[in-house]
J.: 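Quick one: this structure, given as structure tokens, is what I'll be asking you about.
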Amino acid sequence: MLLRSVLASAVVVGALLSTSAAAQDAVSPEGALKAQIAAYAQPSNAERLNVLLGQLRAAGFEPSVETFAGGGRATPLQGSNVVVTIGDGAKEILLTAHYDAVRLRDGTLSQGVVDNAGSVVAVIEAAKALRGRPLTHRVRVIFFDQEELGLVGARKWIEAHGIADVAAVVNSDVAAYGDTMMYGQNNGPQSAFVTRAVQELCAERAMQCVGFPVYPPSDDRAFSAAGAPVVSLGFQDEIGAHQMWLAFNGGDDNGLAEGFTPKVFRLIHSADDAVDQVEGATIAAAGATYAALIEKLDAGLR
Ligand SMILES: [Zn+2]
């Protein structure tokens, strides 16, 4: 009892100290974004879903939840995609990010910050920026569940809605730190105009961008498999982006040290994928860039 109350007061003091530090940090817009990302560190994906819905409602959106029968091969598991719709054109541009986190080997859920709460918050920022803009397309912002179980949420969304009205898809996975935007170029010839729009945007904004002929898979692959034009984007530091390029595209002569793993692949799907890895400035930049890309696609597809 006594021990417990001593522990409890220690916890309270600790909480007060960390709250005041966090509160100071949260005064800046970048600190606020970081705090928003930190909220996704939860014991279950159901709780991550609630955090997402709370943040969307706080931002003034009315998210709809589309449940589906998903799960892995052996274990059925209901999933929940979350959708926010902006504008009312006949054709759609999708802006997507998965909000689920992977289960680690010890049975706990990854904090899922770099993969992929950073993208989730960046996409919410983009949605806020796009709201009220004169768009000719309907923009459907989709937060997918069960990406980590094999792109299940994205596949189920395509199954339910089809892609006949989908003009383009922009997906974000692993956006957390640094100033370099990565984009995949391996989503089929139908996606060439989307990657070209990315390249134009990088030039216009004088951004450091790295195109990957081979880029690791995310929910984008569910869309390219269905024939939709799609690009997958991510953010990290410049060195890391180039190391990752070499790891995926450099072949046997990539020049990386024997056994070298780029930092981002040491972080994700590990206990180290935590909020101290995030830079608020990256999330703000990612949100603004995604919104600008959607506007460019909207104008170009007119
Ligand atoms: Zn991911």
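We count ligands from 1, going down the list as the structure has it; atoms in each ligand are counted the same way. What you see is a predicted model; the values in this text were computed from it and never measured.
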J.: Side chains of D179 and Q236, heavy atoms from C-beta outward: is any pair under 4.5 Å?
T.: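 The answer is no, as the side chains (C-beta and beyond) never meet within the 4.5 Å cut-off.
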J.: Looking only at heavy atoms, what is the nearest atom pair of F212 and A241, with distance?
T.: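 Residues F212 and A241, closest heavy atoms: CZ-O, 3.4 Å.
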J.: Under 4.0 Å between a side-chain nitrogen and a carboxylate oxygen: does that hold for E200 and K296?
T.: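 K296 and E200: salt-bridged.
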J.: Just to verify, which of D298, D165, D88 counts as forming a side-chain hydrogen bond (donor to acceptor under 3.5 Å, both in side chains) with H137?
T.: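 Exactly one candidate clears the test, D298.
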J.: Excluding sequence neighbours, so at least two apart, what forms ring pair (Phe, Tyr, Trp, His ring centres under 6.0 Å) with H161?
T.: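 Here the qualifying residues are W157.
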J.: Taking 2.8 Å as the limit, list every protein N, O or S atom around the Zn ion (ligand 1), by chain and residue number.
T.: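 Protein N/O/S atoms under 2.8 Å of the Zn ion (ligand 1): H98 NE2, D115 OD1, D173 OD1, D173 OD2.
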J.: Out of S119, S232, S218, which one pairs with S172 under the side-chain hydrogen bond (donor to acceptor under 3.5 Å, both in side chains) rule?
T.: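 Going through the options one by one, the only one that passes is S119.
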